[in-house]
Amino acid sequence: MMLNTPVASARIANVSRRSLLLGMGAGSLVLAVGLPNLARAQEEPVQFGADAMPNGWSDDPNVFVSIAEDGMVTVTVHRSEMGQGVRTSIAMVVADELEAEWDMVRVIQAPGNEPLYGNQDTDGSRSLRHFFGPMRRAGASARTMLEQAAANAWDVPLSEVRAEGHVVRHAASDRTMGYGELAAAAAALPVPDREGLRLKDPATFRYIGKGDVGLVDNDDITRGTTTYGIDVRREGMMYAVIARPPVFGGKVASLDDSAALQVAGVERVVRLDPPAIPAEFQPLGGVAVIARNTWAAIKGREALVIEWEDGPHAGYSSDDFKAELEAAVQTGDGALVLNRGDVAAALADAPTRVVAEYYIPHLAQAPMEPPAAVADVRDGSCEVWASVQAPQVTRLRLAQRMELSEEDVTVNVTLLGGGFGRKSKPDFVLEAAILSKEMGAPVKLTWTREDDLHHSYYHTVSVERLEAGLDAQGKAIAWLHRTAAPTIGSIFVPDPKQKLPFELGMGLTNMPLDIPNVRAENPQAPAHVRIGWYRSVSNIPHAFAIQSFIAELAEAAGRDPLEYLLEVIGPARLIDPSEIGDVWNYGESPERYPIDTGRLRKVTETVAEAIGWGRQMPAGRGLGLAAHYSFVSHVAVAAEVEVVDGEVRIPRVEIAIDCGAHVNPDRIRSQMEGAVIMGAGQALTTEITFQDGRAQQDNFDTYLIPRMENAPREINVHLVSSGGYDQPLGGVGEPGLPPVAPAIINAIFAATGTRIRRLPVGDQLRT
């Protein structure tokens, strides 16, 4: 823990609780990139949560806490910061248990080293869910060691001393010692056993749950003095951009680079071989232009004359593929993925049947900072600086591609200017490393916005067909759901055509519907582009379809949508996800993390009351609702919309989340606000389309993320707490998104009487 040790000289340590607290460790991380290991369900004991993630977790204070002689506490944060505030939240947890003064705490970013830090893959809304407990213990262990050092110095029992406010006090004699005074002695002590560790009573928390700690990076970000991936500079650095095949799976047929080599500043043109398909996170190939600055590289790329061989996906068209998916969901040929009761018989007997199909297009993550990385591959080592969500998989793929040992690869994690899942895939870092090795010098690889939109790992396109049978009172008695979408598995294994269990478990097989007869099928759908995870992943199409359809059933039954939604959710009950068809449950124990329909009802009722559900609305205005369980949290949204001459405005959105106890309320609110704006874009404007295998959107003039006129005028966030800090935490970063679009679409129907089943709305309301 104690005397500050330079990061460069720190050695990788075992995660043993008995190692010395000697400064900041080096680090690395690993992404769970493979397909789900279903065989694990047959093993004993079954592991869940952080235990089931690659390299698990660590709570060793040696790894995360360092205290200097002047008392300054340094917290090493091992998760990637991309605007969600994780560097602040993790430091808050450690500092609270450590009893450190916040103005005496600083944060540094861990490099990639999962054997040291535990799992570092920053996605799936898992950072605090998995590391709240370990980080509390790391802080409490360091506090206990400081207390023991003081007790030893005063020759008094440990029970007579207490750390508080950056000092350790002996109440009986009113003696105190500061943390800096105790650092060296505490460093010589063993780390206490976690079983006997004294954690703080939550009633005494100073930072956790208070919501009044500002972002540790806020000042640097505001002043422009912090470092994102695109800001990194190295001595002797070259600059590169790449012309990639415009169609996935394509390659260079012929190249004339003579004009490019005449551009001032251009140093070299390098052909990159295309990868074998499936490519996982390998670069797409193409032609790189390396220059003395990025602008010269871009101008050199423009001067290239390339004839492309487009390959097997040259005919990919969004309109044609939509028709293919619609045909696929018309039949009963899909794989049966959920079956309760007898849907066919219930549908046959139902006096009312309702059928609807919903379409969700491809989406690109489009972080404000496009992919960028600097690599230096020389003398048998590889060091990179990059804005990555998955440093360990980056490290592993670099080691494989550069033919180096893992120990010879260093991944320095910068701040991320947004991620949303795109920066979990390190193809852009591998590109930089390949070019650095070629040049024998550091190379900065930059993606333009056009590169980002044309060569993304896209959120999957989807068609969802739902059919329900209603009894004479309008109650749903049968529910049939067919979902067709290319799978993320397509980047890992050859030609899979059906969703994986984790994709099905995002709002489909774990639907908490109080309906006696439920059936879900998954027809085949091939992938024609790279499919990747995008904020909230398959919850987006499932929530949009299901929550829109429930509102349609309410209309068919002549019932109030709120009343009907609560009826479909059913009475308060705890549901074991595995008992209703979900084998995944976001990797968490179904016993510790049941689906709680009482919590889902509560957030729904909260937003309904906040929006003034049932009030008389003027012409052209309407209210809509949606609720969804994802990432083991419960979220509901109520939206008010106004439609004038086919243009949609959103005066107000209410969003409520129950994610368990609140660690950093300010960040929860920010994540919900961001989810509402992002969801408004999905509802109204945002899509990627393809023609002749090529993405048709080039930049933000055609890939229409929400602008001021599209954003809700007012967003109110309601934090609904159920359970204390001894109960499991839910996710925050992703679960706010899925119910936003259906709530807006349902409000549009209330305002206009027009039912939108294809996202985005675009000009569908214009006559």
Next item on the list: Measure the OG1-CG distance between T88 and D217 for me, rounded to the nearest 0.5 Å.
Entry: 6.0 Å

Item checked: Heavy-atom closest contact (V65 atom, A138 atom, distance) -> CG2-O, 4.4 Å

Note to self: Other residues, nucleotides and ligands only: do more than 12 of their heavy atoms fall within 6.0 Å of CD on E591?
What the structure shows: no

Next item on the list: Kindly indicate whether the side chain of Y179, heavy atoms from C-beta on, has any atom under 4.5 Å from the side chain of L146.
Entry: yes

Next item on the list: State, with a plain yes or no, whether a side-chain heavy atom of L719 is found less than 4.5 Å away from one of R669.
Entry: yes

Next item on the list: Taking S58 for its side chain and G118 for its backbone only, find out whether a donor-acceptor pair lies under 3.5 Å.
Entry: no

Item checked: Name of the residue among E383, E406, E407 meeting salt bridge (charged side-chain N to carboxylate O under 4.0 Å, His left out) with R395 -> E406

Next item on the list: Answer yes or no: does atom CG of D379 have more than 12 heavy-atom neighbours from other residues, nucleotides or ligands under 6.0 Å?
Entry: no

Margin query: Looking at every non-hydrogen atom in both residues, tell me the closest pair between A100 and V105 and how far apart they are.
Written below: CB-CG2, 3.9 Å

Next item on the list: Using atom types as modelled and distance alone, determine if a side-chain donor or acceptor of H718 lies under 3.5 Å from a backbone N or O of T606.
Entry: no

Item checked: Expected output: side-chain K423 to main-chain G418 donor-acceptor under 3.5 Å -> yes

Next item on the list: Kindly compute the distance separating CD1 (I67) from CD (E181), expressed to the nearest 0.5 Å.
Entry: 12.5 Å

Note to self: Below 30° counts as parallel, above 60° as perpendicular, anything between as tilted: where do the rings of Y117 and F64 land?
What the structure shows: tilted

Note to self: For residues 88-103, which residue pairs pass the salt bridge (Lys or Arg N to Asp or Glu O under 4.0 Å) check, not counting sequence neighbours?
What the structure shows: D96-K200, E97-R136, E97-R143, E99-K200, E99-R206, E101-R206

Item checked: Residues that D596 engages under salt bridge (Lys or Arg N to Asp or Glu O under 4.0 Å), provided they are two or more places apart -> none

Next item on the list: Would you give the length of the straight line joining atom OG of S578 to atom CG of N510, rounded to the nearest 0.5 angstrom?
Entry: 11.5 Å

Checklist line | Short side-chain to backbone donor-acceptor contact, S536 and N539, under 3.5 Å | finding: no

Margin query: For R126, is there an ion pair with D121 - N to carboxylate O distance below 4.0 angstrom?
Written below: yes

Item checked: Expected output: side-chain S125 to main-chain E734 donor-acceptor under 3.5 Å -> yes

Checklist line | Interatomic distance, T144 atom OG1 to L197 atom CG [nearest 0.5 angstrom] | finding: 5.0 Å

Next item on the list: Answer yes or no: is there a side-chain heavy-atom contact under 4.5 Å between Y228 and I221?
Entry: yes

Margin query: Checking Y586 now: which residues fulfil ring-ring contact (aromatic ring centres under 6.0 Å, His included) with it, not counting sequence neighbours?
Written below: W584, F631

Item checked: Crowding at CZ, R223 (>12 non-hydrogen neighbours, <6.0 Å) -> no

Next item on the list: Tell me, yes or no, whether the heavy-atom count around Q727 atom CD, taken from other residues, nucleotides or ligands under 6.0 Å, exceeds 12.
Entry: yes

Check: Within the distance-only criterion (no hydrogens, no angle test), does the side chain of T414 pair as donor or acceptor with the backbone N or O of G229 below 3.5 angstrom?
Finding: yes

Next item on the list: State whether a side-chain donor-acceptor pair under 3.5 Å links H130 with N119.
Entry: no

Next item on the list: Give, for atom CG of D582 and atom CZ of F502, the distance between the pair rounded to the nearest 0.5 Å.
Entry: 12.5 Å

Note to self: Determine whether a donor-acceptor pair (N or O, by modelled atom type, separation under 3.5 Å) exists between the side chain of N412 and the backbone of P111.
What the structure shows: no

Next item on the list: For the residue pair T597 and I575, establish whether any side-chain heavy-atom pair is separated by less than 4.5 Å.
Entry: yes

Notebook entry, point to check: With a 4.5 Å limit on heavy-atom distance, are the side chains of E654 and V637 in contact?
Noted result: no

Note to self: Just by distance, no angles: are the side chains of D658 and S722 close enough, under 3.5 Å, to form a donor-acceptor pair?
What the structure shows: yes

Next item on the list: Flag the pair R137 / W57 as yes when at least one side-chain heavy-atom distance between them is below 4.5 Å, and no otherwise.
Entry: yes

Notebook entry, point to check: What closest approach, in Å, do V635 and L600 show between heavy atoms, and which atom pair accounts for it?
Noted result: O-CD1, 4.2 Å

Check: Short question: side chain of Y207, backbone of A91 - any donor-acceptor pair under 3.5 Å?
Finding: no

Note to self: For R162, is there an ion pair with E147 - N to carboxylate O distance below 4.0 angstrom?
What the structure shows: no

Notebook entry, point to check: Do Q84 and R667 touch side chain to side chain, with heavy atoms closer than 4.5 Å?
Noted result: no

Checklist line | A373 versus A386, closest heavy-atom pair with distance | finding: CB-CB, 3.8 Å

Notebook entry, point to check: So do M135 and V75 actually touch side chain to side chain, heavy atoms under 4.5 Å?
Noted result: no

Note to self: Donor-acceptor check, side chain of E81 to backbone of G85, threshold 3.5 angstrom: yes or no?
What the structure shows: yes

Next item on the list: Answer yes when D123 and R535 have at least one side-chain N-carboxylate O distance shorter than 4.0 Å, and no when they do not.
Entry: no

Note to self: Does the plane of the ring in F205 sit parallel, tilted or perpendicular to the ring in Y725? Use 30° and 60° as the thresholds.
What the structure shows: perpendicular

Item checked: OG on S141 to CG on D60, rounded to 0.5 Å -> 8.0 Å

Notebook entry, point to check: Minimum heavy-atom separation for R601 to I569, with atom names?
Noted result: CG-CG2, 3.7 Å

Next item on the list: Can you establish whether the number of heavy atoms outside R169 located under 6.0 Å from its atom CZ is more than 12?
Entry: no

Next item on the list: Begin from the C-alpha positions of N664 and S89 and carry the test side chain to side chain donor-acceptor pair (under 3.5 Å) through to its verdict.
Entry: CA-CA 6 Å; N664 191 341; S89 298; 3.1 Å; yes

Next item on the list: Report the C-alpha separation of D408 and S405 in whole Å, then their side-chain angles, then the decisive distance to 0.1 Å, and conclude whether the side chain to side chain donor-acceptor pair (under 3.5 Å) test is met.
Entry: CA-CA 5 Å; D408 291 324; S405 68; 2.8 Å; yes

Notebook entry, point to check: Between D201 (side chain) and T204 (backbone), is there a donor-acceptor pair under 3.5 Å?
Noted result: no

